Amino acid sequence: MSSTINPLANPKGTKKVCELCQKPAHIQCTGCRVTFYCDAEHQQADWAAIHQKVCQLLTPLRTPIPFHVLKAEREHHRAQRLERQEQLIEISRATAQRKLFEKNHWEALPAAQLCLYSATDVYGPGAVQLVPAYLLLAEANIGLGRFSQAEEYLAQAEWIIMKTPECSLGVRHQLHRNLGRLHAATENFEEALFHLANDVYYASEEFGLDSTVACGGYILMANIFFKQKKFDIAMSLCTEVANTWHSHLYRILDSHIQNYSSLHNAIDEAQQAEADRTLQCVLELEGQIPTRLPSLMAVACHALAMLWLLGDDFPKATEFGRRALTSSRLEPDCGLSESIQRLLKMSEAGGGLQATGMS
């Protein structure tokens, strides 16, 4: 997996640095032979976080283009390299995002760093395309309690956005969400709510009022109101989140049932992790309020049951389906019992699509 670097093998005047900390490197990956580390600990951390997914992709990207080839070949090589670089940016971005949804902040850092390095290579320093990587790095550092580092990354992202008037609303919502996270973590709740309100506004403008994208902002606001003991507001936001995810997952599942298509890969890993984290937060908050809300529990558990059915985890789908059914029976006007029972039949049958529909 690794070998010691031979200094004599490097071109004169070049030094290899660690992929993670930029300190002098002493070992290299034997898979790609173009990635270097200061020690085995950093290599193992990078491998678990992102390198195992991109090891072979890095070799052609970090190997210089030969000068002796024809111009047409060099142009073809550059085009291939650009395509691979864009692929690398997307893989590292999606990996970092999924690990953040899973609250695995340490492993999100190397993936986010690779995303930033790759985007800088393609677009140059100061380009608006670097903002998502800065925001991922900021979120990872907030999760680790490293607030000064998070502030630096957010300052970089905010500066780029300010000098780029055409920056999309989607990028602006991400900036405000992370500013909201930072202020919430430092208990500056008023400032946090200001930024999260902007997050929800930009997300709704960009993706629509019924999109799940705004749910992340709503759930962060709900957590703040809960800490302020404003339970009615917190639960109102939780209800909005649960209903939005429930409708989204219901549409996906019903579409697959109507078309008799496989549930395999019906939802990607990042969205699955986001939905699970958000809906679990709804359940946790509901479980701590003085007065229980069985209708909210039914919707949230039903949504989680659909999520895990779409993710081919039938035991989890059955578990949450049963919890949803129990809660729905405590709320006479819930109206979900029949749909939950159909879902339970599917999950207990291993995801079979014999049913004619969810409605």
Side-chain angles (χ1 to χ4, degrees), residues 1-68 77-78 80-100 102-126 130 132-153 156:
M1 186 175 177
S2 64
S3 63
T4 304
I5 297 173
N6 178 7
L8 297 176
N10 297 330
K12 188 176 181 180
T14 63
K15 293 182 179 179
K16 304 301 183 184
V17 296
C18 178
E19 183 80 1
L20 296 191
C21 66
Q22 305 303 299
K23 292 180 180 179
H26 303 290
I27 60 176
Q28 69 181 151
C29 172
T30 55
C32 62
R33 295 196 172 275
V34 292
T35 310
F36 307 91
Y37 303 95
C38 61
D39 56 30
E41 183 178 348
H42 273 194
Q43 183 186 21
Q44 290 167 2
D46 191 41
W47 178 263
I50 183 65
H51 192 74
Q52 60 183 314
K53 292 187 175 183
V54 299
C55 184
Q56 297 307 311
L57 185 61
L58 291 172
T59 303
L61 287 177
R62 295 180 176 178
T63 302
I65 302 173
F67 285 100
H68 61 273
H77 191 94
R78 286 194 186 96
Q80 282 190 320
R81 173 171 289 196
L82 178 59
E83 184 179 338
R84 291 190 182 105
Q85 285 174 318
E86 290 172 343
Q87 183 182 357
L88 182 61
I89 292 169
E90 179 54 28
I91 292 172
S92 55
R93 184 206 62 76
T95 301
Q97 188 64 78
R98 179 174 58 81
K99 290 182 181 295
L100 288 172
E102 295 169 350
K103 296 187 178 181
N104 191 343
H105 300 102
W106 274 116
E107 289 194 4
L109 277 176
Q113 285 177 341
L114 180 60
C115 183
L116 179 61
Y117 298 153
S118 304
T120 304
D121 286 342
V122 174
Y123 303 108
L130 273 60
Y134 280 127
L135 296 178
L136 290 168
L137 286 163
E139 185 177 345
N141 279 284
I142 292 169
L144 295 169
R146 294 155 51 167
F147 302 134
S148 59
Q149 291 96 322
E151 285 179 354
E152 290 178 13
Y153 288 124
Q156 288 279 0

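Position 1 is the first residue of the sequence, and the numbers go up from there. Computed over heavy atoms, backbone and side chain alike; hydrogens, waters and symmetry mates excluded. All values derive from a computational prediction rather than experimental measurement.
Aromatic ring orientation, His51 versus Tyr37: perpendicular (interplanar angle above 60°, classes split at 30° and 60°).
Within the model, atoms CG of Leu57 and CD of Gln87 stand 5.0 Å from one another, a figure rounded to the nearest 0.5 Å. Atom-to-atom distance recorded for Tyr153:OH and Leu116:CG is 7.5 Å, nearest 0.5 angstrom. Distance CZ/Arg93 to CD/Gln97: 6.5 Å, rounded to 0.5 Å. A distance of 5.5 Å separates NE2 in His42 from CG in Leu20, rounded to the nearest 0.5 Å. Atom NE2 of residue His105 and atom CD of residue Glu139 lie 6.0 Å apart, to the nearest 0.5 angstrom. Taken to the nearest 0.5 Å, the OG1 atom of Thr35 stands 7.5 Å off from the CG atom of Asp46.
Between Glu19 and Tyr117 the shortest heavy-atom distance is O-CE1, 3.8 Å. Pairing each heavy atom of Ile89 with each of Ser118, the nearest pair is CG1-CB, 3.6 Å. Across every non-hydrogen atom of Ile91 and Thr95, the tightest pair is O-OG1, 2.7 Å. Looking at every heavy atom in both residues, Pro125 comes nearest to Leu130 through CA-CD2, 4.2 Å. A pairwise comparison of heavy atoms in Ser92 and Ile50 identifies CA-CD1, 3.9 Å as the closest pair. In terms of heavy atoms, Cys21 sits closest to Cys38 at SG-SG, 3.7 Å.
For the pair Thr59 and Arg33, the minimum side-chain heavy-atom distance is 4.5 Å or more. Contact check for Ile27 versus Asp39: no side-chain heavy atoms found under the 4.5 Å cut-off.
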Exercise for the section: Tell me, with the steps shown, if Val17 and Lys23 meet side-chain contact (heavy atoms from CB on, under 4.5 Å). Expected result: CA-CA 5 Å; Val17 296; Lys23 292 180 180 179; over 6 Å; no
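Counting only distance, with no hydrogens or angles, the side chain of Arg81 and the backbone of Pro60 share a donor-acceptor pair below 3.5 Å. Remark: the backbone N or O of Leu137 is paired with a side-chain donor or acceptor of Asn141 at under 3.5 angstrom.
A search for side chain to side chain donor-acceptor pair (under 3.5 Å) contacts involving Gln52 returns nothing, not counting sequence neighbours.
Under a cut-off of 6.0 angstrom, the local environment of CD in Glu83 is sparse, with at most 12 non-hydrogen atoms contributed by other residues, nucleotides or ligands.
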Exercise answer: donor-acceptor pairs, residues 106-115 side-chain atoms, under 3.5 Å, sequence neighbours excluded:
unit_1, atom_1, unit_2, atom_2, d
Glu107, OE1, Lys99, NZ, 2.8
Glu107, OE1, Asn104, ND2, 3.3

